[in-house]
Chemist: 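Once you've had a glance at the structure underneath, I'll fire off some questions.
Atoms within a ligand are numbered from 1 in the order they appear, just like the ligands themselves.
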Amino acid sequence: MNITIALAGNPNSGKTTLFNELTGANQFVGNWPGVTVEKKEGKLKGDISSVNIIDLPGIYSLSPYSLEEIVARNYLLDQRPDAVINIVDGTNLERNLYLTTQLAEIGIPMVIAVNMIDIIRKNGDKIDIEKLSEELGFPVYEISALKGISTKEVADHAVRMAKKRKKAMPKHSFKGSVEHAIAHIEEVALHSMPEEQQRWFAIKLFERDEKVYDQLSISPELRKHIETDIKNCEDEMDDDSESIITSSRYDYITSIINSVYSKKIKTEYLYRTR
Ligand code: BGO
């Protein structure tokens with residue numbers, strides 16, 4: 001069985017380091033079709049079955065604003081790899097988990113690799129990985145791509161999930177009225193799509209993502225119908241739909257970080273407060 005695993009993460013999260021660690025010398029470099037964005041592929045090192053690793057461009061979100069974001073999101077949605085490894089810079093969780101909340105919605109099995117754990121440990125900080133996994137609804141590993149800590153375990157877990165074709169569903173939900181609108185959009189516009197793929201598209205329609213409206217050939221009548229749902233939420237929450245979604249993601253991330261990240265208390269501070 002041929003398996004494809006995509007590496008997704010923010011720029012500087014350690015994606016290239018992890019890719020090199022997982023593939024060694026078995027790499028091919030080219031460009032993504034039609035664009036001058038580098039595409040790296042490789043075979044998982046030491047694996048007897050054939051596991052392809054695709055290194056996606058470094059991105060901050062799945063919005064259609066930069067070429068890298070478009071390449072990564074088209075690949076994930078059109079090619080649908082068998083699993084995703086989401087590499088997250090653990091020293092910058094707030095910014096990195098924003099992408100995680102979006103990747104969680106595309107319905108592809110995913111493992112989260114919290115990287116730079118060597119730095120976090122050196123600083124005396126701690127991340128409650130079990131709790132983080134529980135909050136996000138996905139398996140989470142602490143890794144150091146640079147030092148080779150737990151990198152093999154992450155890849156093995158991703159391969160197991162890919163083989164099982166385990167459908168992924170995010171834990172995060174939006175405010176009641178937004179969830180109501182998303183459910184309604186799924187029902188009127190996306191019911192013919194596989195269930196695990198509907199949520200991402202419904203949220204994008206709620207955000208008025210024009211590329212998704214075009215891609216799905218939403219008729220003007222249907223759009224008018226969807227607009228009523230969106231407008232109702234915007235009036236109730238006194239904000240535009242894209243900002244409603246973005247703020248909700250950040251509120252969720254802040255609450256997760258508060259419950260899983262413990263910073264070392266500075267001894268210097270303890271002395272001063274005595
Ligand atoms: C430089 N631990 C530590 N400590 N560093 C890591 C880890 C880890 O687990 N993983 C990656 N890095 P990329 P993207 C650098 O290049 O893989 C470091 O963009 C430097 N370079 O070594 O490139 C990694 O592909 C000079 O650091 O990320 C790299 O996602 C001084 O994180 C950086 C210090 O990794 C980004 C670091 C000339």
Chemist: Using a 4.5 Å cut-off between side-chain heavy atoms of Ile, Leu, Val, Met, Phe, Trp and Tyr, which other residues end up in the same hydrophobic cluster as Met116?
Modeler: Ile119
Chemist: Under 4.0 Å between a side-chain nitrogen and a carboxylate oxygen: does that hold for Asp156 and Lys152?
Modeler: yes
Chemist: Given a heavy-atom cut-off of 4.0 Å, could you list the residues near ligand 1 in chain and number order?
Modeler: Asn10, Pro11, Asn12, Ser13, Gly14, Lys15, Thr16, Thr17, Asn115, Met116, Asp118, Ile119, Ser144, Ala145, Leu146
Chemist: According to the interplanar angle, ranging from 0 to 90°, do the rings of Tyr250 and Tyr98 count as parallel (below 30°), tilted (30 to 60°) or perpendicular (above 60°)?
Modeler: parallel
Chemist: Not counting sequence neighbours, list each pair that qualifies as a salt bridge (Lys or Arg N to Asp or Glu O under 4.0 Å) and has a residue in residues 92-111.
Modeler: Glu105-Arg249
Chemist: Hey, what's the ring geometry for Tyr252 with His172, parallel, tilted or perpendicular (30° and 60° as the breaks)?
Modeler: parallel
Chemist: Suppose the criterion is salt bridge (Lys or Arg N to Asp or Glu O under 4.0 Å): which pairs have a residue in residues 198-209, not counting sequence neighbours?
Modeler: Arg73-Asp209, Glu179-Arg199, Lys204-Glu207, Arg208-Glu227, Arg208-Glu234
